[in-house]
Amino acid sequence: QKQMLELKERQDTDRKEKGGRDNDKIEVDAVKQKGRLQRTKSNKRLKQMKTSRDESLKDDIVQGQEEMIQSKTYELKASVQDVNAKEQNVTSEFLEENDLRKSLLHKECRNPSTIKKMKELGGAIIGLDRFTIATKKDFAVQTSLGDRRLVWCRVPKAGCSTWVEILLTLWGRKGLQENSNLHTQIFAHARERRKLTEKMLSLLKNNYEENAERKQTISMMTSREPLARLYSCYRNKIPDSKIKVNGVNTNKETPTFEKFLNAISKQKPGKMDSHWRPISMLCNPCTYDYDFLMRTETLERDSIAVLDQIGVENFPIPRRNRGTYLTDENLEESSKPAAITYYEEVDVETLRRLRDIYYLDFILFGYDINPLLKLIERKEKKSAL
């Protein structure tokens, strides 16, 4: 009986201990469940906060992009307005100078000494192939030419390649990489229109009565300071014998600038190669009244203005033969007294002949001939000692 009681007590104790353990487990499970619920709520709140931040960030990004686009739009509009304003200023500036250039040209063409010099040189030799005539049918781009015709007198070594490329680009022609191809296309175009060229030149004559047909013609040419043009021609054409000159680069002799000048100064102006023939003889501006007188020294500005006059805007001006143009800054200097520095070693007799040959190019187009005259005078005094 005693053993039965002890066994019962142990069983009661075991049940109590087991119940306590079960209660502890229940309590632990309850705590874990509570923790899981809290973590779930916390994660949910974090996710909500992250979503809110993402949406806020997204709104900020979208707003920033819209502001950036709006800012770029304003900048683009301002840039376009600025370009248009600059082009208007460029055109206005050129047109004012163009009037002065034409006024000087017309005045000198009526000067008796100019007329006498023209006769001494033998007069202008006009080659119809020298002129390019363009009509609205030629242009692949929109212009304001309408039924008007564009007449251009091509002058080698005076922005010629630049304007050849401009026109061929506007005409939608291909093969603009090689200079030879450019000029081949232009010459072929000129030969196709010899009769039209004759008619256009008759309209441009100064003594021709102004009429509606003359108003339908836009004409232009380009000049260049003679000494700078000669030096550019020598650098670009003579050392590598692109153009042969007897006694200069035909044999094994060294083709110096002095030899080149001495040789060409003995040639008859009317029979000179067009690259160094006087511009006054190439385009005969005292006979033909050109609307626009461009200059190589301000070629980019003048070209933009002329293109604007025929309704072509924002056209990038190509600069071919950049090596022989030097740079804009050097061009500007070489068109003034700086060009004379290349002539210091030239003998006085050659300088005198050059003075006589290119005198009209200095006078008609407003270039300063005094540096050349002073160099000749200095050399004459030196030789007299």
Side-chain angles (χ1 to χ4, degrees), residues 117-118 120-127 129-131 153-164 179-180 183 186-187 221-250 253-285 294-297 299 320-321 323-326 331 334-335 338-343 345-347 349-365 367-369 371-372 375-376:
K117 177 60 69 174
M118 287 181 184
E120 290 174 357
L121 291 176
I125 308 298
I126 297 298
D129 290 349
R130 180 58 43 199
F131 293 84
C153 179
R154 301 189 308 279
V155 178
K157 307 311 301 172
C160 185
S161 294
T162 296
W163 261 93
V164 166
N179 274 349
S180 59
H183 291 283
I186 283 292
F187 276 118
M221 63 164 290
T222 306
S223 65
R224 186 174 187 178
E225 199 274 342
L227 301 183
R229 180 171 173 244
L230 282 176
Y231 184 68
S232 176
C233 180
Y234 164 75
R235 283 184 36 165
N236 185 244
K237 302 296 182 182
I238 303 305
D240 56 2
S241 299
K242 291 179 181 178
I243 299 177
K244 297 283 188 179
V245 180
N246 287 332
V248 179
N249 59 358
T250 51
E253 63 268 81
T254 302
T256 65
F257 186 45
E258 291 74 21
K259 287 182 180 179
F260 167 70
L261 293 178
N262 181 59
I264 67 170
S265 68
K266 295 176 181 178
Q267 297 175 351
K268 293 183 178 181
K271 294 185 178 181
M272 282 180 165
D273 185 281
S274 62
H275 287 81
W276 55 81
R277 188 184 303 172
I279 297 175
S280 56
M281 300 188 75
L282 286 173
C283 297
N284 202 356
M294 295 185 289
R295 280 189 171 194
T296 307
E297 293 77 17
L299 184 63
R320 287 190 167 264
N321 297 333
T324 58
Y325 276 83
L326 310 178
L331 265 179
S334 66
S335 68
I340 201 67
T341 58
Y342 301 115
Y343 294 77
E345 302 302 319
V346 180
D347 66 271
E349 289 299 326
T350 298
L351 291 176
R352 289 194 192 106
R353 291 194 295 269
L354 293 176
R355 174 198 61 195
D356 295 338
I357 292 171
Y358 296 98
Y359 176 82
L360 290 179
D361 280 9
F362 281 104
I363 301 303
L364 295 179
F365 303 114
Y367 293 109
D368 188 7
I369 196 175
L372 176 58
L375 178 60
I376 292 173

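Not measured: the values here are computed from a predicted model.
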Exercise. Between the side chain of N249 and the main-chain N/O of V245, is any donor-acceptor distance below 3.5 Å?
Worked result: yes
For this session: Please confirm whether the backbone N or O of A228 pairs with a side-chain atom of S232, one donor and one acceptor, at under 3.5 Å?
Result: no
For this session: Supply the atom-to-atom distance K259 NZ to I238 CD1, rounded to the nearest 0.5 angstrom.
Result: 12.5 Å
Problem set entry | Interatomic spacing from CZ in F260 to NZ in K237 - rounded to 0.5 Å | 11.5 Å
For this session: Give the intermediate values and the outcome of side chain to side chain contact (heavy atoms under 4.5 Å, CB included) for residues M294 and W163.
Result: CA-CA 11 Å; M294 295 185 289; W163 261 93; 3.5 Å; yes
[X] vs [Y] side-chain heavy atoms within contact, under 4.5 Å:
X: L227; Y: F362; answer: yes
X: C160; Y: V155; answer: no
X: I363; Y: S280; answer: no
X: I264; Y: L230; answer: yes
X: L282; Y: R154; answer: no

For this session: I would like to know whether Y343 and L372 meet side chain to side chain contact (heavy atoms under 4.5 Å, CB included); could you show each step before the answer?
Result: CA-CA 9 Å; Y343 294 77; L372 176 58; 5.7 Å; no
Problem set entry | Option passing side-chain contact (heavy atoms from CB on, under 4.5 Å) with F365 (candidates E225, M221, R224) | M221
Exercise. Within a reach of under 6.0 Å around OH of Y359, are more than 12 heavy atoms found that belong to other residues, nucleotides or ligands?
Worked result: no
Exercise. For T350 and K266, what are the C-alpha separation, side-chain angles and deciding distance, and is it a side chain to side chain contact (heavy atoms under 4.5 Å, CB included)?
Worked result: CA-CA 8 Å; T350 298; K266 295 176 181 178; over 6 Å; no
For this session: Over all heavy atoms of both residues, which pair between P156 and R229 is shortest? Give the atoms and the distance, please.
Result: O-NE, 3.1 Å
For this session: Kindly write out the residues that satisfy salt bridge (Lys or Arg N to Asp or Glu O under 4.0 Å) with R352, not counting sequence neighbours, or none if the list is empty.
Result: E349, E380
Exercise. Is the Y231 ring parallel, tilted or perpendicular to the F257 ring (thresholds 30°, 60°)?
Worked result: perpendicular
